[in-house]
Every structure is written in C-alpha cells, then in structure tokens.
Amino acid sequence: MSHSLVEYQSENHIATITMNDPKTLNAFSTPLKNAMMEALNKADEDAEIRVIILQGANNNFSSGGHIGEMLENGMESEALVAKLDFMLREVAEISLKLRNIHKPIIAKLEGAVAGAGMNLALTCDFRIASENAKFVQAFVNIGLIPDAGGIYLLNQLIGAAKTTELVMLGDKLKADDMARLNVVNTVVSADEIDASVQALATRLSNLPGKALASMKHMINVHAFGGLNEALDMEVEQQNMMAVTEDFKEGITAFMEKRKPVYRGK
C-alpha cells in the first residue's frame, strides 16, 4: 500500500481502513485516493472480511478535497480545469467503490466531516458520529458544487428541501443536527465511539453475509441507481465553475487562511 496515508488492519472478520494524513485533517489527495482504493479492493476481495470500518486518523474523519493539490499546476484556467476534472473523477471512483462493495461499511465520524469527506461518508451503509463531529458542505464558499455524489446522496437521504439548505448555505452542523436529519445512525460521546463502532461491526459480522450482500445490492438498485449519472454531471458542472471569478476569488481567500496546512509549514 502507498506509504502510510492509509492504514489497513483486519481482525475477527472486520477490516479497518484509516485515512492517515493528520496535517491536512485527512484531506483527499491523489496519493490518499490510490491507497484507499488499494485497501478497499483488499477488503472486498478477502473472503474472510465481512465488515469494513472507514475512519480518519487523529480524531478527524476528513476535511474534504486537497485544495493544495488542486492548485499545484497554478490558477491558469486550462490547467485548473484539467486538474479539477482529474480529482473529481478520482473521488467519484471511491464513491462508487464504497457502494459496489457488497459488504456493510461503517463510517466512524469524528472532528472534521467536510466536503468530499462528508459525501464519502454518505456512501457508506452506516454512520456513527462522535459528539465532536462537525459536518459541512462548504463548496459554495469557493464557488463550486458538491463532489463525490453529494447532492444526489443527500437528496436520496433527506430530500430536496434540506439538501438545498445544506449545500446552498454551507453551514457547519453538529452531529445532533445530522441525527435529526437521519443522516447519521447514532451519536455517541468521543469516549464511546470506538466501542460503539466495534459493537456494530461485530454484530454485522455475525449475520448471514450473503443476505446482507443481497440487501445492499437491492438498496443500490432502488435508492442509488442514479449515482453514476450524478457523478458524471458533477464533473461537467465543476468544469464550468472552475473558470469563474467566484471560484478564483474564493479559492485564493481559502488558501490564504490555510497556508500552514497545505504548504507544509
């Protein structure tokens, strides 16, 4: 597996996949994506694995897309569009993979659950959140639309009205807010989250695996059948957004605030 950006552990038929880039709050970069795909494939292909836990290191799930990588070729429109297109397609691959693995996947949500990180959590089958988790669809603040299937997934889970509120206003929400919207299954204290996630994983691992796989397949057909199309539409729309002044101004202001994180200082 690529370096240590993603850690993989397996025990008692449970695979735990940990995004491990604490300095960026586990921002979703190309190297991290490649390592995550390798870990997901490993868990998918291992007949001994019955359940997958997806989590982030250092008490943060993920801060979203890696903005530093997005801008590594500069702000010139053609280069920016090409880079953004590439990164969007990569995160889309992970969204599809999480749905297409016919094993239950639990997202353990702590700290930052933002942007693409939040949307990847939405593709998981179960979401257990710590009280300290903060959820945000911040794309509007930099003149973009949600990626990783965000609008589609939210609409399937909570309906158009609340999806509109979350993505257009970009407010930061607490775990309890997400529980009221039925986006997360359970909210627990930071001290209890490890035990709660393990208890659910153990319970699932003892249930008939073929029945669970068939259930997930049917849920995909009936609830998430349009995900592929939605991901393609995101790429098209984001490419248009990447050449706007709103995006350039928003991303410049964002980077000024995050220099120490994304420039390695």
Side-chain angles (χ1 to χ4, degrees), residues 1 4 6-20 22 25-26 35-36 39-62 94-95 97-114 117-135 153-154 156-158 173-220 223-224:
M1 224 173 297
S4 60
V6 170
E7 297 179 347
Y8 184 96
Q9 295 178 309
S10 62
E11 186 176 4
N12 297 326
H13 306 292
I14 300 166
T16 301
I17 297 172
T18 306
M19 295 175 282
N20 185 32
L25 306 184
N26 307 314
M36 185 186 294
L40 289 170
N41 284 332
K42 182 176 180 179
D44 190 16
E45 294 165 6
D46 187 344
E48 292 298 310
I49 296 301
R50 300 175 187 171
V51 182
I52 299 167
I53 297 169
L54 182 62
Q55 62 183 17
N58 279 31
N59 304 315
N60 285 287
F61 186 70
S62 174
I94 297 295
S95 288
K97 184 66 179 179
L98 290 167
R99 287 310 316 163
N100 290 333
I101 294 176
H102 286 166
K103 300 176 182 181
I105 302 176
I106 304 168
K108 175 187 168 188
L109 304 175
E110 303 176 275
V113 188
M118 176 174 170
N119 296 334
L120 290 175
L122 297 177
T123 66
C124 296
D125 303 293
F126 295 88
R127 287 166 290 280
I128 296 183
S130 167
E131 290 174 338
N132 67 20
K134 298 291 186 293
F135 298 77
L153 294 162
L154 281 169
Q156 297 301 100
L157 292 168
I158 63 175
L173 299 177
K174 297 178 181 179
D176 285 341
D177 299 321
M178 304 311 283
R180 281 190 288 272
L181 291 172
N182 292 324
V183 172
V184 300
N185 301 89
T186 309
V187 178
V188 297
S189 71
D191 292 337
E192 296 173 320
I193 191 165
D194 286 332
S196 296
V197 169
Q198 285 296 323
L200 176 58
T202 299
R203 179 179 178 183
L204 288 165
S205 72
N206 289 320
L207 294 172
K210 290 184 178 179
L212 296 179
S214 182
M215 290 173 188
K216 184 164 181 177
H217 171 68
M218 292 188 68
I219 290 168
N220 282 347
F224 300 109

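Along the sequence shown, residues carry numbers from 1.
For the residue pair Gln55 / Thr18, a side-chain donor-acceptor distance below 3.5 Å is found, with atom types taken as modelled.
For Asn59, the side chain to side chain donor-acceptor pair (under 3.5 Å) criterion is met by no residue, not counting sequence neighbours. Residues satisfying the side chain to side chain donor-acceptor pair (under 3.5 Å) criterion with Ser130, sequence neighbours excluded, are Asn132. Residues satisfying the side chain to side chain donor-acceptor pair (under 3.5 Å) criterion with Asp46, sequence neighbours excluded, are absent altogether.
Residues Gln198 and Ile53 meet the side-chain proximity criterion, which asks for heavy atoms closer than 4.5 Å. Counting only heavy atoms from C-beta outward, the side chains of Ser10 and Ile49 approach each other to under 4.5 Å. Annotation: side chain of Ile17 is in contact with side chain of Ile52 (closest heavy-atom distance under 4.5 Å). For the pair Thr16 and Glu7, the minimum side-chain heavy-atom distance is 4.5 Å or more. At a threshold of 4.5 Å between non-hydrogen side-chain atoms, the residues Lys103 and Leu212 do not count as touching. At a threshold of 4.5 Å between non-hydrogen side-chain atoms, the residues Phe61 and Met19 count as touching.
Under the salt bridge (charged side-chain N to carboxylate O under 4.0 Å, His left out) criterion, the residue pairs touching residues 187-202 are Lys108-Asp194, with sequence neighbours excluded. For residues 188-218, the ring-ring contact (aromatic ring centres under 6.0 Å, His included) pairs, not counting sequence neighbours, are His102-His217.
A distance of 10.0 Å separates CG of Leu153 from CE of Met118, quoted to the nearest 0.5 Å. If you take CD1 on Ile193 and CD on Glu110, they are separated by 4.5 Å, rounding to the nearest 0.5 Å. A distance of 9.5 Å separates CE of Met178 from CG of Leu109, quoted to the nearest 0.5 Å.
In this structure, Ser196 and Val188 approach most closely via the heavy-atom pair OG-CG1, 3.6 Å. For the pair Leu204 and Pro104, the tightest heavy-atom approach, listed with the atom from each and the gap, is CD1-CB, 3.9 Å. In terms of heavy-atom proximity, Ala175 sits nearest to Val187 at O-CG2, 3.6 Å. The two residues Ala112 and Asn60 make their nearest non-hydrogen contact at N-OD1, 2.8 Å. Contact detail for Ala15 and Tyr8: the closest heavy-atom pair is CB-OH, 3.6 Å.
In this structure a side-chain-to-backbone donor-acceptor pair under 3.5 Å is present from Ser62 to Asn26. Formation of a donor-acceptor pair under 3.5 Å by the His13 side chain with backbone atoms of Glu48 is found in this model. Put simply, the side chain of Asn20 never gets that close to the backbone of Ala57: no donor and acceptor are under 3.5 Å apart. Between the side chain of Ser205 and the backbone N or O of Thr202, at least one donor-acceptor pair lies under 3.5 Å.
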Throw together a table of side-chain donor-acceptor distances under 3.5 angstrom for residues 121-129, partners on residues two or more places apart or in other chains.
from: Thr123; atom 1: OG1; to: Leu120; atom 2: O; distance (Å): 2.6
from: Asp125; atom 1: OD1; to: Arg99; atom 2: NH1; distance (Å): 3.2
from: Asp125; atom 1: OD2; to: Ile105; atom 2: N; distance (Å): 2.9
from: Asp125; atom 1: OD2; to: Lys216; atom 2: NZ; distance (Å): 2.8
from: Arg127; atom 1: NE; to: Val183; atom 2: O; distance (Å): 2.5
from: Arg127; atom 1: NH1; to: Ala121; atom 2: O; distance (Å): 3.0
from: Arg127; atom 1: NH1; to: Leu122; atom 2: O; distance (Å): 3.2
from: Arg127; atom 1: NH1; to: Cys124; atom 2: O; distance (Å): 2.8
from: Arg127; atom 1: NH2; to: Val183; atom 2: O; distance (Å): 3.4

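Under a cut-off of 6.0 angstrom, the local environment of NZ in Lys97 is crowded, with over 12 non-hydrogen atoms contributed by other residues, nucleotides or ligands.
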Let me see the working for Arg180 and Asp177 under salt bridge (Lys or Arg N to Asp or Glu O under 4.0 Å), right down to the final yes or no.
-> CA-CA 5 Å; Arg180 281 190 288 272; Asp177 299 321; 2.6 Å; yes
List the steps and the verdict of side-chain contact (heavy atoms from CB on, under 4.5 Å) for Thr186 and Leu200.
-> CA-CA 11 Å; Thr186 309; Leu200 176 58; over 6 Å; no
